[in-house]
Amino acid sequence: MQPNKAFEEWLATTALGGANQAYIEELYERYLDDPHSIDESWKTTFDSFPKSTVVEQAHSPVRDYFRRLARENNAETVTVIDPEASAKLVKVLQFINAYRFRGHLEANLDPLNYYRWKVSSVPELDYRYHGFTEQDLNETFNINHYVYQRDTITLAELNDMLKETYCGSIGLEFMHVQDMEQKMWLQNKLESRLNQPLFTHQEKINFLNELTAADGLERYLGAKFPGAKRFSLEGSDAFIPLMKEIIRHAGKQGVKDIVMGMAHRGRLNMLVNVLGKKPEDLFDEFAGKHSGDRTGDVKYHQGFSSDFAVEDNLVHLTLAFNPSHLEIVSPVVIGAVRSRQTKRNDLERAQVLAVTVHGDSAVAGQGVVQETLNMSNARGYTVGGTIRIVINNQIGFTTSNPNDTRSTEYCTDIAKMIQAPIIHVNGDDPEAVAFAARMAVEYRSLFKRDIFIDLISYRRHGHNEADEPLATQPMMYSIIKKHPTPRKVYADRLVAEGVLSEEQTIEMMNLYRDALDNGDRVVTEWREMDTAKMDWLQYLNYDWTSPYENTFPKARFSTLAKRVCEYPESLRAHPRVEKIYNDRKAMYQEEKLFDWGMAETMAYATLLDEGVNVRLSGEDAGRGTFFHRHAVVHNQNDGTGYVPLTHLHANQGRFEVWDSVLSEEAVLAFEYGYATTDPKTLTIWEAQFGDFANGAQIVIDQFISSGEQKWGRMCGLVMLLPHGYEGQGPEHSSARLERYLQLCAEQNMQVCIPSTPAQVYHMLRRQALRKMRRPLIAISPKSLLRHPLAVSTLEELTNGEFQTVIGEVDELDPKGVKRVVLCSGKVYYDLLEQRRANHQTDVAIIRIEQLYPYPHEDVKKALEPYTHVKDYVWCQEEPLNQGAWYSSKHNFESSIPDGVKLNYAGRPASASPAVGYMSLHTKQQKQLVDDALTL
């Protein structure tokens, strides 16, 4: 390409250079050849370059371009711009780009003007840096609509307009966004707000009303319940008009459902002033009143649902329940939104919106934020963009030094990993906040991508109202004590503008306080929900013994089995997969017994046939970690996938299987959110190895095991956790069964260890068809997936049921039995094979397939033939301090005859879940089997 000085100088200074330089040069070549052959945004940029190259000496595309210009303008020659003027114009463009890139660094963002926001001035934002002097301020430049849709502008005008746009109450970070359409939209949106009225008088009055409500509730609670924890919003009051403006503007954009998640800061204010919770109900919670059988949770963890009127439409609002684990609610919200979008068949992801609220220290410090952002555009987890709000009060508990809270300039820098734009906004400017709300809604609606609003504010009190913040932040809080409230700042501004009188602003405060005294709802947009439409009503008051239709017509079963074994002839499957599918054909033709993979597949097929939806996700869930599922058949010719379970018939349920991102915490939280939203979908998360669920322990402890007891949130989520001691070492053996059993109480969840294909088939069907909705922890196998003894007949699937206990299968004479061994899972087959090898007939083996809720009656029934036996053993593969022994010993002992001691056979207590050496593993396994079988 013939050198063009203007282009080269621009390319050298823009952040788009470097790795993208060859691409941009190619674009410029195409532009010179035909300006209309490239994207309009690039054409606008290149149009701004001065055409200082002499036409006769130019590269042919350049010469052709100038000749074409001449023809279009009926001119015989083209005037060549003076090179010095060209260089000045290039510097003007560099000056503009400096503000677009770095203007946010000098924006007026901090209400406190606290020292840590006082960055040293950015030299590039001074016109002198670009070689201009004061004498150049009145010079006019032809910028060809490059900024503010202006053809010409003086340097002085440009300087003032750029400062007002990029260094006011909004600082926009967007130049890291690579998509040019998005970048141009963000740029034009911000620049278009200059010198035009953005809000009507009535809208401004509404903003003040909402600030008054935010301030008034906190003052009222502080006076009525002094010293009580409420995690006040004071200082970040603009969060309330921000949320309401998001709801209003989203409703106008066609959103019908908004799911929100936030931690405790400002939650009570959100409940009362946005969602419409009755103040008197909140006051009762402060007074310690409660109702119902649940043990409950603290008031600032509670969720809420309501309908919100936006013009003539209703927007349904849901605030998710959340524990004190700050950021963990974010993926829960995303899962709930995905579920709602799926139920609405919202393929454009336009009707349901996710809004998540973060703390400044937490958004930078909690790893689940990165996991959640990484999911934002993954196929199985995207919701078409989330509006993410950071309540940035510049402090985390007692830590405010940015050198301690993070390693980045902004707490929101993590947003750049997904190229999400960030709107930094001053929390003392509610109009700027409202503009940010509208901008975020429009961006998300248009581009279906995440966007961040960084609400920079402060915390008027300590972490909670009992803390003394001056002890650790004396300088910050000396400023805060003197700083007027956001309501006062804005009220004074409106009085100065003549929008309201001082008396009217005081009357607002009095009216709000009167409403609180009366206990009335204070959200005028609140509307009563139609509870008759709630999906969950039909699942109330059922337990794990609730009946369900366990049988399935054999003929229909065979028809479905044939279909799940079919894929197009044009698809070339991998030879090993082809063999698996051929074996499955032999199974439904009753030429072979059913293995685990086929039984599980048929559980899904029969459920789908009955209209039940199934969602399965996890790391490598499509294939299955252990090469057993193959729900997706991959074409070896072109890599495309085919899912037989989606091709059963036209009226079947919906089947989804997703290979997840490499995450446990965020993905499991997502699936929990999905499952708590849709009781009619069998939602399953599979761990790659069972103990990988360790990475999601917060989700298990705070949501899955306790969500119903704390918040009344039912959930039918299934966790498939591969488990079994095959000598694969500490991290690939144990699903940490003991941890789940320790969490069990009040029938909060089920823990099952199915040992046959028929058992997994019935376990999954029971979970979906029974009216009870409680989590199922399924300890699933590895080696049993292909164990020759772990097989089932077609009859056992179509006419069987889930057995909580499986009695002795060999034809032993009960009278000759001297010992009964109780066990669960894979070790059963080790015991069975060794007993047969020993030709023993004096030891009976009983499998307990459901460890919780413990099936007392079923176990006693299985033990009835052995009432004469005095020798009982619990055998497990896990070490003594792990597995079911400590957690379930009392249950086992309650099932055996009185006065009989229950002995233990298993590995010795260990700090590690399993040994790492195969020789030691084999020795231990042989020992525990011998201990169980030797009288």
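All heavy atoms count here, side chains included; hydrogens, waters and symmetry mates do not.
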Do [X] and [Y] have side-chain N/O donor and acceptor atoms under 3.5 Å apart?
{"X": "Gln202", "Y": "Thr200", "value": "no"}
{"X": "Asp429", "Y": "Ser169", "value": "yes"}
{"X": "Tyr477", "Y": "Arg459", "value": "yes"}
{"X": "Asn269", "Y": "Glu218", "value": "yes"}
{"X": "Thr398", "Y": "Thr472", "value": "no"}
{"X": "His316", "Y": "Asp257", "value": "no"}
{"X": "Tyr490", "Y": "Asp428", "value": "no"}
{"X": "Tyr381", "Y": "Asn374", "value": "no"}
{"X": "Ser400", "Y": "Gln394", "value": "no"}
{"X": "Tyr410", "Y": "Glu173", "value": "no"}
{"X": "Arg739", "Y": "Asn694", "value": "yes"}

Handout entry: Atom of Ile480, atom of Arg460 and distance for their closest heavy-atom approach
Key =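 Residues Ile480 and Arg460, closest heavy atoms: O-NH1, 3.2 Å.
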
Practice task
Considering non-hydrogen atoms only, spot the tightest contact between Met243 and Met270 and give its length.
Solution key: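 In terms of heavy atoms, the two residues are closest at CE-CE, 3.6 Å.
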
Problem - Set of ring pair (Phe, Tyr, Trp, His ring centres under 6.0 Å) partners for Phe207, sequence neighbours left out - result: Phe199

Problem - Cation-pi, Phe435 ring and Arg193 (6.0 angstrom, 45 degrees) - result: yes

Exercise for the section: Measure from NZ or CZ of Lys224 to the centre of the six-membered ring of Phe283, then state whether that distance is under 6.0 Å and the direction lies within 45° of the axis. Expected result: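 Yes, a cation-pi geometry holds between Lys224 and Phe283.
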
Practice task
Decide, yes or no, whether a salt bridge links Glu234 with Arg219 under the criterion of side-chain N to carboxylate O below 4.0 Å.
Solution key: no

Handout entry: Lys/Arg-Asp/Glu bridge criterion (N-O < 4.0 Å) met for Glu191, Arg100
Key = yes

Fill in the blank from the handout: Interatomic distance, CG@Asp215 vs CG@Leu208, rounded to 0.5 Å, equals 10.0 Å

Exercise for the section: Working to the nearest 0.5 Å, report the span between OG1 of Thr412 and CD1 of Ile422. Expected result: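 If I round to the nearest 0.5 Å, the distance is 4.0 Å.
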
Handout entry: Glu203 atom CD, neighbour heavy-atom count above 12 within 6.0 Å
Key = yes

Exercise for the section: Measure up the His358 and Phe452 rings against each other and bin them: parallel (under 30°), tilted (30 to 60°), perpendicular (over 60°). Expected result: parallel

